[in-house]
Visitor: 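This is the structure I have questions about; it appears just below.
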Amino acid sequence: MTHENAAPSLGDELPLRHDWTLAEIVAIHDSPLLELIARANAVHRAHQDVNDVQKASLLSIKTGGCPEDCGYCPQSAHHRDVRLDKVEMMACGEVLAAAARAKAAGADRFCMGAAWRNVRDGAQFDSVLDMVRGVRALGMEACVTLGMLTGSQAERLKEAGLTAYNHNLDTGPDFYGDIITTRTYDDRLETLRAVRGAGLEMCCGGIIGMGESVADRAAMLQVLAAFDPHPESVPVNALVPVEGTPLGACEVIDPLVFVRMIATTRIVLPKSRVRLSAGRSILNREAQILCMVAGANSIFYGEALLTTQNVGETEDDALFAALRSRTPAHDDAMRS
């Protein structure tokens, strides 16, 4: 007899599922690390091209002054001790110039974020629509994160050519209230339903390292897996503690915790693009590659992610060179 908390066999994981139990996901997460990575890699290979690792670029088009009180976010107006240079809405031309630079550097997805609680119809939203049209005209995928939005606003974004809308759950429903009080979990789900209703791709993930339990992480994945279809894009972030925020004193997570979350996400959401996102700067090259072996197939490319530091472009170039083929040094060593 199989124990109810035992991780299911690989054969049980291959079909797409929307009925994962919390106990199943926790058991997968807590399984022996090498077994977990092997299982995740097999699921990845069964559903995706393991050599397809997408570069995405992220730009804050409006920074700071957000009325939400997210405990991790330096852009919140509630966290008055945070040192942050506020930036009003960028001009469309500036944003498109940044998108063109990102494309030239190898990115094929351009993500734009505005520190709003919710989208408001008017000149600024019209400008965002122009930005989306411009990014698409460059031949890039376009993604935005603008806070909560209505069904009609999602439709306008779809008409402008938007590829995906990012709206993270951040964590599981039980822990959510410890991190954010100005917006409910149901508010987030309502926006995601508007995204789905407009036919946009859903980009939705969360953050680990905020003091949550493994069960909270599993609960977030359970909610994501319940969507049919699964989210096309799932960013997995590790908390970057920022001085002056309520979570500024949190310890940085162990890199292998990151690997476990990536692998668990891949198993639960086989066809999603799992994005190795904020917090990647804590990982050395080998740990990042281990995350990719475990199922990550996208990184954010560039020196910064909204308001936090990211891995440098030179380091990422070296990472992708290592992924592509054997290095000349390796070939020289083999010949000697």
Side-chain angles (χ1 to χ4, degrees), residues 18 56 58-63 65-73 75-78 89 109-122 124-129 131-132 141-207 210 216 219-237 265 269 272-273 275 277-278 306:
H18 305 280
L58 177 60
L59 177 69
S60 179
I61 61 174
K62 187 271 179 185
T63 306
C66 181
E68 304 283 12
D69 67 352
C70 307
Y72 54 80
C73 185
Q75 300 203 63
S76 171
H78 294 258
M89 192 74 174
R109 186 181 181 102
F110 193 71
C111 308
M112 297 162 278
W116 294 335
R117 170 178 166 77
N118 58 281
V119 175
R120 295 181 181 177
D121 294 320
Q124 289 193 331
F125 185 43
D126 291 342
S127 181
V128 171
L129 296 175
M131 294 173 193
V132 170
E141 295 180 3
C143 179
V144 296
T145 179
L146 311 170
M148 296 181 289
L149 81 166
T150 65
S152 62
Q153 291 164 341
E155 291 284 356
R156 292 183 68 191
L157 286 165
K158 175 68 173 178
E159 291 169 2
L162 189 70
T163 308
Y165 194 86
N166 169 257
H167 198 66
N168 289 336
L169 291 176
D170 290 340
T171 188
D174 291 342
F175 188 66
Y176 181 85
D178 291 357
I179 303 299
I180 303 160
T181 67
T182 52
R183 176 173 18 177
T184 69
Y185 213 74
D186 284 342
D187 288 335
R188 291 188 182 264
L189 293 173
E190 185 63 28
T191 288
L192 293 174
R193 284 190 284 269
V195 169
R196 273 281 184 251
L200 291 166
E201 292 184 8
M202 182 193 300
C203 179
C204 185
I207 307 170
M210 299 187 294
D216 292 319
M220 181 189 72
L221 293 179
Q222 184 184 34
V223 173
L224 292 177
F227 280 97
D228 188 3
H230 288 163
E232 289 80 6
S233 172
V234 180
V236 179
N237 302 273
T265 302
L269 302 166
S272 300
R273 191 174 285 277
R275 299 186 184 277
S277 303
L306 296 181

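In this text, all values refer to a predicted model and were calculated from it rather than measured experimentally.
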Visitor: Please check this pair: side chain of H230 against backbone of A225, looking for a donor-acceptor N/O pair closer than 3.5 Å.
Guide: yes
Visitor: Please lay out, stage by stage, how L192 and L169 fare under the test side chain to side chain contact (heavy atoms under 4.5 Å, CB included).
Guide: CA-CA 9 Å; L192 293 174; L169 291 176; 4.0 Å; yes
Visitor: Which pair of non-hydrogen atoms, one from R117 and one from P67, has the smallest distance, and what is that distance?
Guide: CB-CG, 3.6 Å
Visitor: E155: what forms a side-chain contact (heavy atoms from CB on, under 4.5 Å) with it, not counting sequence neighbours?
Guide: A198
Visitor: In chain order, what residues pass the side-chain contact (heavy atoms from CB on, under 4.5 Å) check against D174, with sequence neighbours excluded?
Guide: D216
Visitor: Indicate yes or no: at least one non-hydrogen side-chain atom of W116 is less than 4.5 angstrom from one of Q124.
Guide: yes
Visitor: Can you sort out the partners of R156 under salt bridge (Lys or Arg N to Asp or Glu O under 4.0 Å), two or more places apart, ordered by chain and number?
Guide: D121, D126
Visitor: Go through F227 and L269 one step at a time and tell me if the side chain to side chain contact (heavy atoms under 4.5 Å, CB included) criterion holds.
Guide: CA-CA 10 Å; F227 280 97; L269 302 166; over 6 Å; no
Visitor: Between N118 and L149, is a side chain to side chain contact (heavy atoms under 4.5 Å, CB included) present by the stated rule, with each step listed?
Guide: CA-CA 6 Å; N118 58 281; L149 81 166; over 6 Å; no
Visitor: Output all residues satisfying side-chain contact (heavy atoms from CB on, under 4.5 Å) with D228, sequence neighbours left out; order by chain, then residue number.
Guide: H18
Visitor: For E141, which residues count as a salt bridge (Lys or Arg N to Asp or Glu O under 4.0 Å) partner, sequence neighbours excluded?
Guide: R109
Visitor: About how many Å separate CG of L146 and CE of M112, when rounded to the nearest 0.5 Å?
Guide: 8.5 Å
Visitor: Which heavy-atom pair separates L224 from P231 by the least distance, and what is that distance?
Guide: O-CD, 3.4 Å
Visitor: Verify the distance criterion only: is there a donor paired with an acceptor across the side chains of E201 and T163 at less than 3.5 Å?
Guide: no
Visitor: Enumerate the ring pair (Phe, Tyr, Trp, His ring centres under 6.0 Å) contacts for residues 161-185, please, sequence neighbours excluded, ordered by first and then second residue.
Guide: Y176-Y185
Visitor: Do D170 and R188 come within less than 4.5 Å of each other through their side chains, counting heavy atoms only?
Guide: yes
Visitor: For N168, what residues pass the side chain to side chain donor-acceptor pair (under 3.5 Å) criterion, not counting sequence neighbours?
Guide: N166
Visitor: Of the non-hydrogen atoms in L200 and L162, which two are nearest, and what is the gap between them?
Guide: CD2-O, 3.3 Å
Visitor: Show your reasoning for whether side chain to side chain contact (heavy atoms under 4.5 Å, CB included) applies to R183 and M148.
Guide: CA-CA 9 Å; R183 176 173 18 177; M148 296 181 289; 3.6 Å; yes
Visitor: Only counting residues at least two apart or in another chain, list the ones meeting side chain to side chain donor-acceptor pair (under 3.5 Å) with E190.
Guide: R193
Visitor: Taking all non-hydrogen atoms of both residues, which atom of V128 and which atom of M89 are closest, and how far apart?
Guide: CG2-CE, 3.3 Å
Visitor: Tell me, please, which residues at least two apart from T150 pass side chain to side chain donor-acceptor pair (under 3.5 Å).
Guide: S152, Q153
Visitor: Within the side chain of S277, is there an N or O that forms a donor-acceptor pair under 3.5 Å with the backbone of P235?
Guide: no
Visitor: Is there a donor-acceptor pair closer than 3.5 Å between any side-chain N or O of N237 and the backbone N or O of G206?
Guide: yes
Visitor: Please confirm whether the backbone N or O of G199 pairs with a side-chain atom of K158, one donor and one acceptor, at under 3.5 Å?
Guide: yes
Visitor: In Å and rounded to the nearest 0.5 Å, what is the CD1 to OH distance from I179 to Y72?
Guide: 8.5 Å
Visitor: Just jot down the salt bridge (Lys or Arg N to Asp or Glu O under 4.0 Å) partners of R120, sequence neighbours excluded, or say none.
Guide: none
Visitor: Could you pull out all residues at least two apart from S233 that satisfy side chain to side chain donor-acceptor pair (under 3.5 Å)?
Guide: R275
Visitor: Please enumerate all residues that pass side-chain contact (heavy atoms from CB on, under 4.5 Å) together with A160, with sequence neighbours excluded.
Guide: L129, V132, R133
Visitor: Under 3.5 Å, side chain of R196 to main-chain N/O of P229, donor-acceptor pair present?
Guide: yes
